[in-house]
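Note sheet for the following structure.
Excluded from the calculations below are hydrogen atoms, water molecules and symmetry mates; all remaining heavy atoms, backbone and side chain alike, are included.
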Amino acid sequence: EVHLVESGGGSVQAGGSLRLSCVASAYTYSLGWFRQVPGKEREGIAVKYSGSSGTNYADSVKGRFTISEDNAKRTLYLQMNSLKPEDTAIYYCAANSRGSWRSLRPEDWADWGQGTQVIVSS
């Protein structure tokens with residue numbers, strides 16, 4: 001099991017930017033970002049094959065969010081630009097997808113962080 005710790009959440013106005021970070025306790029072959037609004041299902045937004053340029057994004061964030069990593073620091077990032085009020089959610093880091101690393105389905109991922117809150121005001 002990999003221990004994951006997210007940081008970087010906060011409040012921002014629409015159109016602004018935030019960068020989330022996630023530090024992993026060990027190397028994983030796949031990492032991803034998911035988000036959840038209370039009362040709604042968790043959704044995958046961006047995933048990455050570690051050590052490669054392979055990424056997959058949800059349509060809702062494509063062109064606005066960028067997932068990246070620093071392997072030496074075992075840290076995953078999510079750069080979020082042009083934020084919208086509908087991006088308000090708790091953002092979770094996940095590791096070790098079962099099966100394809102491209103999966104955006106939360107049930108396919110094994111390890112989770114505790115989440116960090118993002119609030120975008122209009």
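Pairs passing the salt bridge (Lys or Arg N to Asp or Glu O under 4.0 Å) check and including a residue from residues 15-35, sequence neighbours excluded, read Arg35-Glu43, Arg35-Asp87. Legend: ring pair (Phe, Tyr, Trp, His ring centres under 6.0 Å) pairs involving residues 103-122, not counting sequence neighbours, sorted by first then second residue: Phe34-Trp109, Phe34-Trp112.
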Evaluate the side-chain contact (heavy atoms from CB on, under 4.5 Å) criterion for residues Leu78 and Tyr91: first the C-alpha distance (whole Å), next the side-chain angles of each, then the deciding distance (0.1 Å), finally the verdict.
CA-CA 10 Å; Leu78 184 68; Tyr91 284 69; 4.2 Å; yes
One pair to check against side-chain contact (heavy atoms from CB on, under 4.5 Å): Thr88 and Val37. What are the steps and the verdict?
CA-CA 7 Å; Thr88 295; Val37 176; over 6 Å; no
Test log, rule side-chain contact (heavy atoms from CB on, under 4.5 Å), inputs Ser17 and Val12
CA-CA 7 Å; Ser17 298; Val12 65; over 6 Å; no
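Gln114 pairs by the side-chain hydrogen bond (donor to acceptor under 3.5 Å, both in side chains) definition with Glu6, not counting sequence neighbours. Lys62 pairs by the side-chain hydrogen bond (donor to acceptor under 3.5 Å, both in side chains) definition with Asp59, not counting sequence neighbours. Scanning for side-chain hydrogen bond (donor to acceptor under 3.5 Å, both in side chains) contacts around Ser103 gives Asp108, with sequence neighbours left out. Annotation: side-chain hydrogen bond (donor to acceptor under 3.5 Å, both in side chains) contacts of Arg102 (sequence neighbours excluded): Asn56.
Within 6.0 Å of CD on Glu107 lie more than 12 heavy atoms contributed by other residues, nucleotides or ligands.
Note that CG of Leu31 is 11.5 Å distant from CH2 of Trp101, once rounded to the nearest 0.5 Å. If you take CZ on Arg64 and CD on Gln79, they are separated by 12.0 Å, rounding to the nearest 0.5 Å. Here OG of Ser82 is found 9.0 Å from CZ of Phe65. Values are rounded to the nearest 0.5 Å.
In this structure, Arg42 satisfies the cation-pi test against Tyr92, with its NZ or CZ atom closer than 6.0 Å to the six-membered ring centre and inside 45 degrees of the ring normal.
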